[in-house]
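Here is the structure we will look at, set down as structure tokens.
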2 protein chains.
Amino acid sequence: MSYSIGQVAAKLAISPYTLRYYDKEGLLPFVDRNEAGRRRFKDNDFNFLEVIVCLKEAGVPVKQIGSFIDLCMTGDTTLQARYDFLADHEQKLMAKMARLQHTLDFLRWKKWYYKTALRAGTESIHYLPGTNQVDPAVHATFEQLVADGASPVELGKIE
Amino acid sequence: MSYSIGQVAAKLAISPYTLRYYDKEGLLPFVDRNEAGRRRFKDNDFNFLEVIVCLKEAGVPVKQIGSFIDLCMTGDTTLQARYDFLADHEQKLMAKMARLQHTLDFLRWKKWYYKTALRAGTESIHYLPGTNQVDPAVHATFEQLVADGASPVELGKIE
DNA sequence: GGTTGACTTAGAGCTGACTCTAGATTCTAT
DNA sequence: ATAGAATCTAGAGTCAGCTCTAAGTCAACC
């Protein structure tokens, strides 16, 4: 079974332009061509494409993905290097997810901030008396509610 | 207490160039200037800067962050819009984290793939007999191990 | 009083990742 | 057999998000 660039693009939900660009950047050295020079993707190529899509999603730059594919094409001597590459990006991705969790926590505290302001009809309930500056104690209040067992998600919900 | 652009840049670990760029894009309308026209950041400005950094980390484009700051400057009539904005990006961030979790799962399965190949000294243990194509059953084998209670993280570890 | 260093602006330059155009070729369906 | 759709390449264009340069201002120190 073989597939045209259009079929592969549809399956992966990316444009044929992008696939040609990836090819130009050396990400698709495994793709065959027919007599007319058109790309013919094999079933096994989807194993590579899956990896490419995964690394993209993980935020790995195209050039580095190219290096990984190079390793794949070189053979069994690069097995350790390929493992190390994946382990490295696993660590980076875990670090990123931890940062995103903090970001999410922050968004939830700010939602609570606006929810309470909305209930009061004005943001000024959070200001230091007589100023336009946010009282630093407001964040502490939120943190205390969470420490007392409230869910940040629930605290931010309206209704 | 007030801070120069350089001090703020150092505190946030971003370059003064970037801060000026954000200002140009309308993200810092709240920053005062001294008589000489130099930016003077106030303590309260860090509340805005925190939000900007958070939204950046969440992947919100600079222009959209500018719209949010506009809402903030407009006053209490925009409280609901600000809440909705944050709630929207909370949802988007949760969706992104779910995708990243799948990406992480994939990286772990591939680590296991290379770990087992390394143990055998050759990737060909994963190929269909007599071919250079990966046996689709290999992934199923990994999934079975996970279904039987193995941890994907442990399965990918070497030693 | 002169040098150094941090700051100012406008605007140019850079990078990554596409995205598209032009012009030619090939495949598919009637 | 021919129209229309899909593909090919080379190379140009686009966009976001910085990043830097140039030319000038200003404050601090020796």
Side-chain angles (χ1 to χ4, degrees), chain A residues 1-42 45 48-49 51-70 89 92 96 99 103, chain B residues 1-42 45 49 51-70 89 92 96 99-100 103:
Chain A
M1 205 44 199
S2 96
Y3 311 85
S4 72
I5 195 169
Q7 291 170 316
V8 172
K11 226 178 256 214
L12 304 181
I14 61 185
S15 79
Y17 293 142
T18 303
L19 280 173
R20 289 192 200 100
Y21 163 68
Y22 288 167
D23 199 2
K24 222 185 278 190
E25 295 298 311
L27 269 58
L28 313 179
F30 48 82
V31 177
D32 293 337
R33 302 287 184 127
N34 69 8
E35 327 71 48
R38 302 203 165 176
R39 292 172 187 83
R40 303 306 327 190
F41 292 76
K42 306 173 289 300
D45 295 348
F48 288 104
L49 292 167
V51 171
I52 290 169
V53 168
C54 163
L55 293 173
K56 278 254 73 208
E57 180 73 33
V60 180
V62 166
K63 268 186 191 142
Q64 281 186 54
I65 300 178
S67 309
F68 181 78
I69 298 292
D70 284 348
H89 286 292
K92 285 179 173 149
K96 181 191 205 156
R99 282 200 312 281
T103 300
Chain B
M1 206 46 202
S2 95
Y3 311 85
S4 71
I5 195 169
Q7 290 171 316
V8 173
K11 226 178 255 215
L12 303 182
I14 61 185
S15 81
Y17 293 142
T18 304
L19 280 173
R20 290 194 200 98
Y21 163 69
Y22 287 168
D23 198 1
K24 221 184 282 188
E25 295 297 311
L27 268 58
L28 313 178
F30 48 83
V31 177
D32 292 338
R33 302 288 185 128
N34 68 9
E35 325 71 48
R38 302 199 169 178
R39 292 173 186 84
R40 304 304 329 188
F41 291 77
K42 308 174 289 300
D45 295 349
L49 291 168
V51 171
I52 290 168
V53 168
C54 162
L55 293 174
K56 278 254 73 206
E57 180 72 33
V60 181
V62 166
K63 269 185 190 141
Q64 280 186 56
I65 300 178
S67 310
F68 181 78
I69 298 292
D70 284 349
H89 286 293
K92 286 180 173 146
K96 182 191 205 154
R99 282 201 311 280
L100 289 180
T103 301

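Just so it is clear: chains get the letters A, B, ... in the order the sequence lines come, proteins before strands, and each one is counted from 1.
- Taking atom CD on B/Q7 and atom P on C/dA6, their separation rounds to 12 Å, with Å as the unit.
- Atom OH of B/Y21 is separated from atom P of C/dT8 by 18 Å (rounded to the nearest Å).
- Within the model, atoms CG of B/D70 and CD1 of B/I65 stand 12.0 Å from one another, a figure rounded to the nearest 0.5 Å.
- The base of C/dT8 has none of its N or O atoms less than 3.5 Å from a complementary donor or acceptor on the side chain of B/R39.
- Taking 4.5 Å as the limit, every side-chain heavy atom of A/D45 sits out of range of all side-chain heavy atoms of A/Y3.
- Listed candidates were C/dG16, C/dA10, D/dG17. Nearest to the side chain of A/K63 is C/dG16.
- Within 4.0 Å of A/S4, counting heavy atoms only, lie sugar-phosphate atoms of the nucleic acid but no base atom.
- Side-chain atoms of A/Q7 come within 3.5 Å of backbone N or O of A/S4 as a donor-acceptor pair.
- Residue contacts for B/P61: at a heavy-atom cut-off of 4.0 Å it reaches the sugar-phosphate backbone alone, with no base atom in range.
- What separates CG of B/N34 from C1' of D/dC26 is a distance of 9 Å, to the nearest Å.
- Here C/dC18 is the nucleotide among C/dC7, C/dC18, D/dC8 with the atom lying nearest to any side-chain atom of A/Y22.
- Of the listed nucleotides (C/dT19, C/dA17, D/dT7), C/dT19 has the atom at the smallest distance from the side chain of A/T18.
- What separates OH of A/Y3 from P of D/dT7 is a distance of 15 Å, to the nearest Å.
- The CZ atom of B/F68 lies 11.0 Å from the CG atom of B/L27; values are rounded to the nearest 0.5 Å.
- Note: CG (B/L27) to P (D/dG17) measures 10 Å, nearest angstrom.
- Remark: P of C/dT21 and CZ of A/R20 are 13 Å apart, rounded to the nearest angstrom.
- Listed nucleotides: C/dG11, C/dT21, D/dG17. Nearest to the side chain of B/K24: C/dG11.
- When the side-chain nitrogen and oxygen atoms of B/K56 are compared with OP1 and OP2 of D/dC18, one or more of them lie within a distance under 4.0 Å.
- Following rounding to the nearest Å, A/E35 (CD) and C/dT25 (P) show an atom-to-atom distance of 17 Å.
- Of the possible donor and acceptor atoms, one in the side chain of A/K42 sits under 3.5 Å from a partner among the backbone N and O of A/F30.
- B/R38 contributes a side-chain N or O that forms a donor-acceptor pair with the base of D/dT25 under 3.5 Å.
- Side-chain proximity of B/A36 to the nucleotides C/dT19, D/dC26, C/dA17 is greatest for D/dC26.
- Residue contacts shown for A/R33 are limited to sugar-phosphate atoms, with no base heavy atom under 4.0 Å away.
- A straight line from CG of B/D23 to C1' of C/dT8 spans 11 Å, rounded to a whole angstrom.
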